[in-house]
Each structure stands twice: as structure tokens, then as C-alpha cells.
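A, B, ... follow the sequence lines: proteins, then strands. Residue 1 opens every chain.
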2 protein chains.
Amino acid sequence: MSPRSGKTTKQKLIDTATALFLEKGVDRVGVREIAATAGINLSLMNYYFRSKEILFETIFEIQIKERAHLLRVILDSEQTLENKIREYVSTYIDVLLDNPLLVSFVMSIVHRSPDTIAKMKVIENLYHTESFMEQLRKESEAGNIKPIDAEQFFLSMISLVLFPFAIQPLIQDRNRINNEQFRTMMRYRKEHVFQALWTSIKN
Amino acid sequence: MSPRSGKTTKQKLIDTATALFLEKGVDRVGVREIAATAGINLSLMNYYFRSKEILFETIFEIQIKERAHLLRVILDSEQTLENKIREYVSTYIDVLLDNPLLVSFVMSIVHRSPDTIAKMKVIENLYHTESFMEQLRKESEAGNIKPIDAEQFFLSMISLVLFPFAIQPLIQDRNRINNEQFRTMMRYRKEHVFQALWTSIKN
DNA sequence: CTATTGTTTAAAACAACGTTTGATATTACA
DNA sequence: TGTAATATCAAACGTTGTTTTAAACAATAG
């Protein structure tokens, strides 16, 4: 069962597909191109992954797993609300800068099969926000911050972080900037987003 | 040129495709289904629109044209910054509530062909923000609001408005709410977004 | 060693998709 | 009316993702 060459082949498929998906986008890469680039037979793709969709989901989970856990740990940590928001925003942007695939993948999934989103455990992990919500409510009731709708606030937080990456090509075209300049813009954005969020709730 | 039946056929195609795109999503509707539903021959689709992509872009422009103009007028109007932001956010959310296609369309385009975004004049119109940026800078220099990066602020504004619609299926799944409840949530969000934006820049 | 199980290859075909072709109607206009 | 432009149609094309079938190869257990 799963001899040396087996794992190698599966891994070659994953690596090749990841690189191609990243380079050209999921929908502009065909299975034949993946197989050819990886130097393996087309049928092997359906031997290890029953479909392109499953290969895609596999890669997605690999890419997002540790990062999602990283972000969840921050939300569940014992910090002041201010520091937690600052660290969450900063880390989230770093994660997206390191993995250009992620937002594109999520958008692709949401856009493609809205019904099968629930199946992805990773996303569930990403938005496990109970403790953060609880902290927001406590601080709010204690009068340490303004009264706030926790659900809306969290939605705003991820909107401010994620959306610019979702429309990255549009931003680059509009501002006539290249990839590196976009990355600089996003690093600079960390502080902007934190300030916007914090000043909107602090007393 | 363009006899009675001609315009009718073209219009039937547009109407049918719009309805189907709205119902099932652009990528889950085939050209044969559109033709069959419209009761016209398959080839006529490529007779009037050279490709499915062009049919899609045509519909997109029709759907977004007046709305984009509506939003631009608000940004260019002579109001106090506070009222302008409130009206822009409120109107933008109303537009998206009325046209569930729009965000899905934009995401589809950004995701599909990032290079051909510039071609769409409508988007150019959507993000014609010079006068708004200028107003932001003036108010900032006059000390009426906090010093702010206008580009980042505008990006934040559209992020807060658009992103929830971009991930609507995810939100509904996560909060276990139906379409109507999501719409209520978005209507309620108007005030939340405005407050977040305004308190983050007001003195 | 042999038999079984898992892996790899090749070639072909499938259904569905967007698109194109070429023939045929229909209309417009001189 | 005659002819060119326009509109419509059935059929096929090329490319997808996926499946099938048949044949080998490798590794392991009995």
C-alpha cells in the first residue's frame, strides 16, 4: 500500500497543480496540462483524485489549514481587545500576502458551488469566533468600548482585510501599480484597518 | 437592417440569459439552456453575440450602467462629507440588494480575466472618485477630520459595502439565515458601516 | 515462488461545453 | 421583380472533464 513511487506521484500532482493554479488561475488550467507538466498519465489524476474539483479542494485545504489555525489561535488568545484586533488584522494580511491563492480560492468556491461550502471544515475553523464575540460583548457591557453589534463588527473586520485581495487586479489597474507596489500598499494598510476598527469602537 | 423579429430575438436572448444567470450563476448556465429557454436556435446566440462572454458583458453593462451613474452622482455632489458617506453607503447597499447579479458579476470578471477589466468602461465610471478624494483631502487639511489616506479610506468604504455580498452564501450558511434575513441584515448594516467609517475619521 | 494488491501506462471514448460552418429561409431596397 | 443583406436552422467541430478497458509493472504476504 502506497509505495515510494505512489506518494511521489500524488505529491507531484499536488505540487504541479498548485503552481499552475497560482500562475494561471484555477479555471484556466486544464487537467491535461497538469498531467503533462507533472509528467504523469492523465488517468492517474482520476486515480488519486476522483475529479479536478477534489484535487482543487485538497490543495485548498493544504494551503489554508495551518494559516486558519494560526488565525483562530489569535482570536481565542487572552489579550486585550485592542492588541487582539491589531494582531489579527496584521497576521491575516501577512497570510494573504504569503498565499495569493487563498482569497482567489475562496471566491472561486463561493462563486462556483455555494451549496457545498458547508462541507469544508477549514472554513468552519476560519470563522470559529465564539470567544471573540463573547469578548466583544463583555467589553461592550462593561462600558470599555461603545455598544456594538459583534456580528457586524467581525464582518467588517474581515471585509476590510479580505476584499482588497479579492479585487487585487482591479486595484492594480486603477492605481497603475505592479504586484510589489500592491504588496506595499497592503502592508501599509494594516495600520489603517486597525485604526479604522479601533477608533470606531473605543470610548 | 434590424427588422422587427431581429430585435425581438436579441432581446429574448438578453432577457432569458439575465434571468438564468441570476438564478443559477453565470458558470452554471450553458448556452444550450439559454437558447432552449428563449425558444431560439443555438446558433443565433453567436450570431447576435460573438460569444457567451460578450453576451455576459452586454448584460453586465446593462445591469450596472444606471446604477453606476447613480453612485457617481452622489460622489460628485455638493454635500457635507458626513452626508455624502451616509448616502453613498446606503444607496450602494440598496443597489446591491436590488441587483444580486452585480457583485457576483464583478467577482466573476475579476476572477476570470483579470487583464480585460480595464476594457469595461462601466467600472471606470464606478470608480471615478477624483472629486471625492479631493474633498477628503481638503477636509483633512482644514482639520475638519483626522488626517487620512484617501485611497485607503475609499477602499475601506467599498470593502465594507461590497464584501458581505461577495460572500453572501458563506454568511447565510454560517448564521443559518435565509435570503430575506440576509437582506434585513444588510439593511441594518447601512448604519453600522456609516458609523464605523465616520467615527474613524471625525474629530 | 506465487498470488495478490496497489501503481502506472496507453488509447480510446464519453458527455457537455462554447463555437463554427454551410445551407436555407426571410427581409430590405433599388 | 431581382438581388444583396439579414435572419434562421441543423449539423458538426474542437476542447473540456471524466470514464473505460486492457495491459503491464512493483511490492508484499503466504
Side-chain angles (χ1 to χ4, degrees), chain A residues 1-60 104-105 108-109 111-113 115-116 119, chain B residues 1-60 104-105 108-109 111-113 115-116 119:
Chain A
M1 48 195 76
S2 64
R4 167 167 25 96
S5 57
K7 270 204 168 179
T8 299
T9 297
K10 192 171 184 177
Q11 198 57 45
K12 259 195 292 187
L13 268 174
I14 291 179
D15 293 344
T16 306
T18 303
L20 288 176
F21 285 164
L22 180 63
E23 179 192 340
K24 316 172 84 179
V26 183
D27 292 326
R28 282 186 294 280
V29 178
V31 290
R32 286 170 178 82
E33 182 181 1
I34 297 175
T37 307
I40 64 121
N41 193 281
L42 172 61
S43 302
L44 273 184
M45 242 195 70
N46 286 74
Y47 178 72
Y48 285 109
F49 312 94
R50 291 203 315 278
S51 68
K52 183 190 178 186
E53 183 76 17
I54 292 179
L55 170 60
F56 166 77
E57 287 173 7
T58 304
I59 291 177
F60 176 75
S104 152
F105 275 15
S108 172
I109 291 176
H111 180 256
R112 181 173 350 200
S113 47
D115 29 304
T116 61
K119 294 192 310 184
Chain B
M1 49 194 74
S2 66
R4 167 166 27 97
S5 58
K7 269 206 168 180
T8 299
T9 297
K10 192 172 183 177
Q11 197 58 45
K12 260 195 291 188
L13 268 174
I14 291 179
D15 294 344
T16 306
T18 303
L20 286 176
F21 285 163
L22 181 63
E23 179 191 341
K24 316 173 81 177
V26 183
D27 291 326
R28 283 186 293 282
V29 178
V31 290
R32 283 169 180 81
E33 184 181 359
I34 297 174
T37 307
I40 64 123
N41 191 278
L42 171 61
S43 304
L44 282 181
M45 244 197 66
N46 286 76
Y47 177 73
Y48 288 107
F49 313 93
R50 292 202 314 278
S51 68
K52 182 190 179 185
E53 184 75 18
I54 292 179
L55 169 60
F56 166 76
E57 288 172 7
T58 304
I59 291 176
F60 176 76
S104 151
F105 275 14
S108 173
I109 291 176
H111 180 256
R112 181 173 347 200
S113 48
D115 30 302
T116 60
K119 294 191 309 183

### Query
Once you round it to whole Å, what is the distance between P of D:dT6 and OH of B:Tyr47?
7 Å
### Task
Any chance you could measure A:Leu44, atom CG, to A:Ile34, atom CD1, to the nearest 0.5 Å?
13.5 Å
### Protein-nucleotide distance (B:Asn41, atom CG; D:dA12, atom C1'), rounded to Å
13 Å
### Task
Measure the CG-OG1 distance between B:Leu13 and B:Thr8 for me, rounded to the nearest 0.5 Å.
11.5 Å
### Query
If we only count heavy atoms from C-beta on, is the A:Lys10 to A:Phe49 side-chain gap below 4.5 Å?
yes
### Task
Within residues 32-40 of chain A, find the residues that approach DNA chain D with a heavy atom at under 4.0 Å, and present them sorted by residue number.
A:Arg32
Sub-3.5 Å pairs of nitrogen or oxygen atoms, protein against nucleotides 20-23 of chain D:
from	atom 1	to	atom 2	distance (Å)
D:dT20	O4	A:Ser43	OG	3.3

### Task
State, yes or no, whether a side-chain contact exists between B:Thr9 and B:Tyr47 at a heavy-atom distance under 4.5 Å.
no
### Value in whole Å for how far the P atom of C:dT19 lies from CG of B:Leu13
13 Å
### Task
Output the distance between atom CZ (B:Phe21) and atom CD1 (B:Ile14), rounded to the nearest 0.5 Å.
11.0 Å
### Task
Measure the NZ-CE distance between A:Lys52 and A:Met45 for me, rounded to the nearest 0.5 Å.
8.0 Å
#### Entry: Integer-rounded Å distance: C:dT8 P and A:Met45 CE
14 Å
### Query
In whole angstrom, what separates B:Leu44's CG from C:dT20's P?
15 Å
### Message
Rounded to whole Å, how long is the line connecting atom NZ of B:Lys52 with atom P of C:dT19?
### Response
8 Å
### Task
Whole angstrom is fine here: how far is it from CD in B:Glu53 over to C1' in C:dT19?
14 Å
#### Entry: Distance (rounded to the nearest 0.5 Å) between A:Thr18 OG1 and A:Phe60 CZ
12.5 Å
### Task
Of all the heavy-atom pairs spanning A:Leu42 and A:Ala35, show the shortest one and how long it is.
CA-CB, 3.9 Å
### Summary
So, with a heavy-atom separation below 4.0 Å from DNA chain C, the residues of residues 15-25 of chain A are none
#### Entry: A:Gly25 versus A:Val29, closest heavy-atom pair with distance
O-CG2, 3.4 Å
### Task
Can you measure from NZ (B:Lys12) to OG1 (B:Thr37) and round to the nearest 0.5 angstrom?
12.0 Å
### Task
Please tell me if the side chains of B:Tyr48 and B:Leu55 come closer than 4.5 Å, counting only heavy atoms from C-beta onward.
no
### Message
Rounding to an integer number of Å, can you tell me how far B:Asp27 CG sits from D:dT16 P?
### Response
16 Å
